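For reference, the structure discussed in these notes is given below.
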Number of protein chains: 2
Amino acid sequence: MKNTNENVNQKVKLDDVANEAGVSKTTVSRVLNNRGYISEKTRKKVNEAMELLNYHPNEIARSLFINKTFIIGLIFPTTNNPFYGQLIFHLENISEALGYKVLLCNSEGREDKEKSYLEMLQRHQVDGIIAGSHNRGILEYDNPQLPLVGIDRYLSENTPVVSSDNYDGGKKATQLLIDKGCKKIIHINGSPSLETPANLRREAYEDVMKENEYYPQSYVIGENVIETIFNENPNIDGIFASDDLIASSVMKEAKRRNINIPADLKVIGYDGSEITRMLLPELSTIQQPVKEIADLAVQLLLKQINGETESKIEWKLPVKLIESETT
Amino acid sequence: MKNTNENVNQKVKLDDVANEAGVSKTTVSRVLNNRGYISEKTRKKVNEAMELLNYHPNEIARSLFINKTFIIGLIFPTTNNPFYGQLIFHLENISEALGYKVLLCNSEGREDKEKSYLEMLQRHQVDGIIAGSHNRGILEYDNPQLPLVGIDRYLSENTPVVSSDNYDGGKKATQLLIDKGCKKIIHINGSPSLETPANLRREAYEDVMKENEYYPQSYVIGENVIETIFNENPNIDGIFASDDLIASSVMKEAKRRNINIPADLKVIGYDGSEITRMLLPELSTIQQPVKEIADLAVQLLLKQINGETESKIEWKLPVKLIESETT
DNA sequence: GACAACATGTCAACCGGTTGACATGTTTAT
DNA sequence: ATAAACATGTCAACCGGTTGACATGTTGTC
């Protein structure tokens with residue numbers, strides 16, 4: 001049996017298509033990029049050759065020349081989280097619709113991983129980065145060689161940040177608990193060392209509490225914190241958790257202690273992702289406009305990529321109070 | 001003010017590093033790739049130059065030459081789902097540890113999207129693809145130019161598939177309901193038109209039912225199906241849902257109808273992802289070994305990428321029955 | 001019949017690294 | 001003293017497309 005060309009399993013390249021179609025390399029490139037004059041007949045011939053040979057243009061070669069990859073890097077703690085899972089879904093979706101692909105990076109909130117991802121994305125010549133995971137102080141963010149947008153995270157002095165209206169959300173949540181008659185309301189938040197807009201949730205909580213002449217008291221989530229809260233505050237009757245997962249842990253612990261929700265204790269969370277709404281519909285929460293956040297973030301990034309300027313740095317999108325059975 | 005080189009905002013390239021360090025292009029490349037002889041002194045000089053200039057080697061140029069990108073494509077319905085979110089997290093994590101990056105594709109289960117993603121990934125010269133979303137019949141999968149691994153999906157005759165032991169899972173779930181005394185057990189599954197190993201869950205259900213001389217009855221999930229099930233089967237006392245989200249919908253509907261779980265109706269799901277366990281711990285379920293699935297899938301893909309052969313096609317990993325309050 | 005628009009080809013430079021061949025000079029070991 | 005190992009440089013081809021300049025020929029139109 002002859003070892004013909006067709007048997008050799010090597011990638012088909014533009015030259016092969018040109019040969020097959022009996023035209024020049026340039027003509028094939030013209031067909032691919034729709035430039036210059038091309039007759040319908042030739043176009044068809046070339047397309048047929050591409051079909052026949054199962055040709056896929058090498059985007060790497062193209063990227064190298066045009067100095068653009070149409071790839072966006074996404075750096076977030078993890079897809080294994082209802083909120084980020086939904087956010088990343090939308091980010092990818094919107095990007096795809098606009099002709100961009102996404103490289104996914106799960107930083108797990110670790111600075112070292114984030115740093116090496118950042119380096120990796122730059123090596124890969126991504127056109128821009130959207131990041132929602134962050135420990136401020138990573139030098140590379142301050143010296144951005146790259147279009148950059150943060151989601152719910154300050155990345156550097158002049159990097160745009162998109163977030164839900166955290167202050168308003170915190171206000172709505174706290175106010176609801178007060179309106180429902182809670183006297184001893186406690187707030188649980190993530191690590192406050194992070195300089196994130198999400199801290200505004202706590203700020204709003206504190207402000208509203210003081211306005212109503214209550215004493216604000218915040219705990220930071222961590223090992224056994226929820227147990228501690230119940231132990232240290234026997235008269236607790238309201239909890240504002242800064243995300244729904246924390247809220248669900250609170251509910252679990254309350255159940256274990258036979259504390260009745262909402263009769264004895266009212267609970268409200270934050271995020272309101274689709275999955276949480278589906279699996280835990282009874283939880284009251286402040287819902288973030290996830291799709292709108294993703295939309296805006298991508299838009300702002302593309303603006304930067306296209307060299308358009310935009311002076312506004314902080315973008316806050318309205319939240320929605322969802323009252324359910326836990327309040 | 002002079003417009004020195006430093007002011008020009010252009011990407012630093014290998015040549016610049018060479019100039020800065022006062023060595024040749026080749027030497028810099030040798031440092032980068034650790035080949036040939038290099039003195040410590042020179043290595044240091046070069047590294048300092050890279051640091052100083054904030055140099056990031058252009059991986060695109062490198063990929064083009066070595067004909068390898070170290071990128072893996074992931075095609076799944078959506079990250080906005082606890083199971084896929086967790087799976088994708090692990091896939092990315094493991095890949096990263098092995099020096100690969102991932103391009104994320106949310107197919108939404110749509111054939112057209114999947115097709116265009118497949119094409120896109122080939123253009124981008126990914127080294128391989130792991131796919132868990134699929135409508136069989138996409139030609140490209142049958143004619144793979146590319147290393148390929150399926151998760152819970154048959155992609156083509158000889159593409160490796162990794163999945164949980166669906167048959168055993170279906171058996172365990174059904175048997176549990178029977179053991180708990182259910183008489184009228186109904187199964188709800190996803191679209192059965194898909195040729196997926198997950199169909200074995202239904203098969204096991206049917207087999208176990210018949211063995212115990214019960215009449216198996218399956219519904220396909222869709223608009224209002226759950227309501228229909230309750231309406232058509234007033235004496236129903238057991239439901240095996242082929243995933244936890246469906247199970248949670250069943251629970252919701254039961255609550256609406258004041259049907260007590262588990263007294264009047266027992267429910268068991270499938271997946272047992274971390275998020276579901278956290279938000280809906282009361283649900284009994286069959287837990288898939290997500291991390292192990294991801295691990296194996298990546299391993300099998302890398303084997304293909306490295307040209308090693310592996311004749312085993314179907315890989316089944318053991319599931320775990322989690323008994324909770326709904327049974 | 002002449003000129004514009006259309007169609008295609010040839011050729012080479014370019015994107016930014018990698019690599020092999022080869023030359024030259026310096027150390028080190030024996 | 002001499003060969004082997006070490007260190008670095010020069011040069012050019014290469015990866016697979018893209019693009020611009022330029023040439024040549026064909027149609028279509030007024």
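Each chain gets a letter, A, B and so on, in the order the sequences are listed, and its residues count up from 1. If you're wondering where the values come from, they're calculated on a predicted model, not measured in any experiment.
Following rounding to the nearest Å, A/Arg43 (CZ) and C/dC6 (P) show an atom-to-atom distance of 13 Å. Look at CG on A/Asn58: it is 16 Å from P on C/dG16, rounded to the nearest Å. Going from atom CG of A/Leu64 over to atom P of D/dG16 covers 12 Å, rounded to whole Å. D/dG17 atom C1' lies 9 Å from atom CG of A/Asp15, rounded to whole Å. Nucleotide D/dG9 holds its P atom 11 Å from the CG atom of B/Asn19, rounded to whole Å.
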Protein proximity profile, nucleotides 18-30 of chain D - base contact B, sugar-phosphate-only contact S, no contact -, cut-off 4.0 Å on heavy atoms: BBS----------
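Under the rule for a side-chain contact (heavy atoms from CB on, under 4.5 Å), A/Asn19 has no partner lying at least two apart in sequence or in another chain. The salt bridge (charged side-chain N to carboxylate O under 4.0 Å, His left out) test applied to B/Glu48 returns B/Lys44, not counting sequence neighbours. Residues satisfying the side-chain contact (heavy atoms from CB on, under 4.5 Å) test with A/Ala61, not counting sequence neighbours, are A/Asn58, B/Leu64. Among residues two or more places apart in sequence or in another chain, the side-chain contact (heavy atoms from CB on, under 4.5 Å) test is passed with B/Glu59 by A/Arg123, A/His124, B/Arg62, B/Ser63. In this structure, the side-chain contact (heavy atoms from CB on, under 4.5 Å) partners of A/Ile305, at least two apart in sequence or on a different chain, are A/Lys68, A/Tyr100, A/Asp127, A/Pro147, A/Leu301, A/Leu302.
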Between the protein and nucleotides 4-7 of chain D, which nitrogen or oxygen pairs are less than 3.5 angstrom apart?
{"residue": "D/dC6", "atom": "OP2", "partner": "B/Tyr37", "partner atom": "OH", "Å": "2.4"}

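Every pair passing salt bridge (charged side-chain N to carboxylate O under 4.0 Å, His left out) that includes a residue from residues 289-306 of chain A is listed here, sequence neighbours excluded: A/Lys303-A/Glu310. Residue pairs meeting the salt bridge (charged side-chain N to carboxylate O under 4.0 Å, His left out) criterion with at least one member in residues 31-40 of chain A, sequence neighbours excluded, are A/Glu40-A/Arg43.
Ion pair A/Asp112/A/Arg110 flagged as a salt bridge, since at least one NZ, NE, NH1 or NH2 atom sits closer than 4.0 Å to an Asp/Glu carboxylate oxygen.
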